[in-house]
Amino acid sequence: MTEVVVRAGDGFGRISPRLYGTFAEHLGRCCYDGLWVGKSSPIPNTLGFNSAVVEALQELGPSLIRWPGGCYADHYHWRDGIGPVGDRPGTLGTSCGLMTPDDNSLGTHEFLGLCELLDSEPYLAGNVGTGSVQELADWMTYVTSDVDTALVRQRAENGRAKPWGVSLWGVGNESWDCGGRFDAVSYALEYRRYATMLRHVAPKAELVAVGLEDETLPESNLERDWNEKLLTTLGPAVGLVDHLSVHKYWLNGGPETDFGEADYYALLAEAGETEALIERTSRTIARLSPGHRIGIAFDEWGVWHPEAREWGPGEVARRPPLGLEQANTMRDALAAAIALEGFHRQCNVLSLANMAQVVNVLQALLLTDENGACVRTPTFHVLAMHRPHVGATALTTVVQGGAVLPDGSPAVSATASRGKDGIAYTLINRHLDRAVAVSVSGLGLAPVRVTVLTGEPDAQNDVGRPDRIAPRPLEFHTVGDDDLRFTLPARSVVTAEFGDGQVQR
Ligand code: AHR
């Protein structure tokens, strides 16, 4: 018996490819040992990047990559990472309490080379904490200019004659905390100076200001009205802000794998509240920047389990040594899908998003071991299942009927879009143990493919069982030409695609 009927309606905005970004920080084993193994490594590599990681990322196609931090960005001096690798200094890599030696072998040329290899847009995070306006203006010149200057000649001597097309530049990171513990007014004045001078160097650069909209962060000394103070202080200079950065980590799901039912639903509920954070940010922007569009740069998001941090909620033993590495389960993939659904609904105000992080750290897409073996996490797969929505037109959806969760909220939700190949729906069933029969309309198009990701809530992939959680075809039948019927398993994400092509089962 059909329990849930899902119908898509009108288009209301474009799901920018920039909403499907990732984040690579020089932190723990994300950049070094994860992405980058070096050109002389015994691990097969492509220009120094682990080839298995490159292959997986080419398959996924992240549209945007933020680098080099995070908190690390406010310690990063770009000149340390150019020129012959043997001449680069060893520096202290520091972020989130980790202190690791950094040989700077992964620098500007290498990172931008990776972006070219993956066809991903780069997003460079600039140093405000220990840097200077001159240093960031020089980096921008070095990367983007074609005017004959010493910096541009130096770039050519280092192997790159033509500039890279980098549009997105962050002016600091979490400047209210690790980026220098600014107060909002001081940061606004600093931002104004940076942005004015950077615009002289690259008038079309898109600049990202640091915002704050996370009511649940445990630190008590944060200015909860940071965004309001920042935009008010900028006043007539608010036009210098193209994007306002906000971050959100979900902290309240209890243990990473050994969680109970209440923890399971708590994490999914927290992921669902992410949309409200975006809406609050959007309202502040609309109120204080009328007539000038500022996009919301959600440039760090995802789950941060208690085992992988020394702060915040969670009565769970921390796991030394702290490397910000954590389990990545089916529950985490469901949480990611819930957030993505909200991103689609907010696509007219959300300008970019970067999940934290790409390899090994936090809600990683990929995990590597010491031999370079690379495993796709459930989170990787859930993002891959959203590919039909990337760059497509978001459609309104109506979900009628269906099971409810213990708190009375609906178990099933859906997002839909119309792209060049047809219409795609992605549905989520949050229920821990109840399957739901669904009817989905193809709006005149025929079903092509239905794919499901499901499994035990704590199930993960590892080198021994890399495909334990992986997308599989889902059985369906049609009633009439375009009414698609299938069963959403408990704890599942399903993407149903309609088009003119052949049915693939
Ligand atoms: O992603 C890990 C850290 O979380 C980043 O360095 C920082 O910006 C945030 O606090």
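For the numbers below, each heavy atom of this structure counts, side chains included, while hydrogens, waters and symmetry mates do not. Counting starts at 1 for both ligands and their atoms, following the listed order.
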Checking a contact table here: which protein heavy atom is nearest [atom], and how many Å away?
| atom | value |
| --- | --- |
| atom 8 (O) of ligand 1 | Glu300 OE2, 2.7 Å |
| atom 10 (O) of ligand 1 | Glu174 OE1, 2.7 Å |
| atom 3 (C) of ligand 1 | Cys96 SG, 3.4 Å |
| atom 1 (O) of ligand 1 | Tyr249 OH, 2.8 Å |

Salt-bridge test for [X] and [Y]: reply yes if a basic N is under 4.0 Å from a carboxylate O, no otherwise.
| X | Y | value |
| --- | --- | --- |
| Glu228 | Arg287 | yes |
| Lys248 | Glu300 | no |
| Arg160 | Glu116 | yes |
| Asp263 | Arg331 | no |

For this session: Please report the closest heavy-atom contact between Arg88 and Asp103, naming both atoms and the distance.
Result: CB-O, 3.9 Å
Exercise. Can you name the closest pair of heavy atoms from Pro62 and Thr22 and give their distance?
Worked result: CB-CG2, 3.9 Å
Which ligand 1 atoms, with their elements, are less than 4.0 angstrom from a heavy-atom of [X]?
| X | answer |
| --- | --- |
| Gln357 | 1 (O), 2 (C) |
| Glu25 | 1 (O), 2 (C), 5 (C), 6 (O) |
| Ser95 | 6 (O) |
| Trp304 | 4 (O) |
| Phe23 | 1 (O) |

Exercise. Is there a heavy atom in Gly69 that sits closer than 4.0 Å to ligand 1?
Worked result: no
Problem set entry | Proximity flag Tyr72 to ligand 1, non-hydrogen atoms under 4.0 Å | no
Exercise. Just by distance, do the side chain of Tyr191 and the backbone of Leu240 share a donor-acceptor pair under 3.5 Å?
Worked result: yes
[X], portion touching ligand 1 at heavy-atom distance under 4.0 Å:
| X | answer |
| --- | --- |
| Asn173 | side chain |
| Cys178 | neither |
| Cys71 | both |
| Leu362 | side chain |

Problem set entry | Between Asp458 and Tyr264, a side-chain donor and acceptor under 3.5 Å | no
Problem set entry | Contact check: Leu27 vs ligand 1, nitrogen or oxygen atoms, below 3.5 angstrom | no
Exercise. With only distance considered, is His247 within less than 3.5 Å of ligand 1 through an N or O on each side?
Worked result: no
Exercise. Would you say the SG of Cys178 sits less than 2.5 Å from the SG of Cys71?
Worked result: yes
Problem set entry | Cation-pi check, Arg430 onto Tyr265 ring (under 6.0 Å, within 45° of axis) | no
For this session: Look at the rings of Tyr72 and His26 and say which category their plane angle falls in: under 30° parallel, 30 to 60° tilted, over 60° perpendicular.
Result: parallel
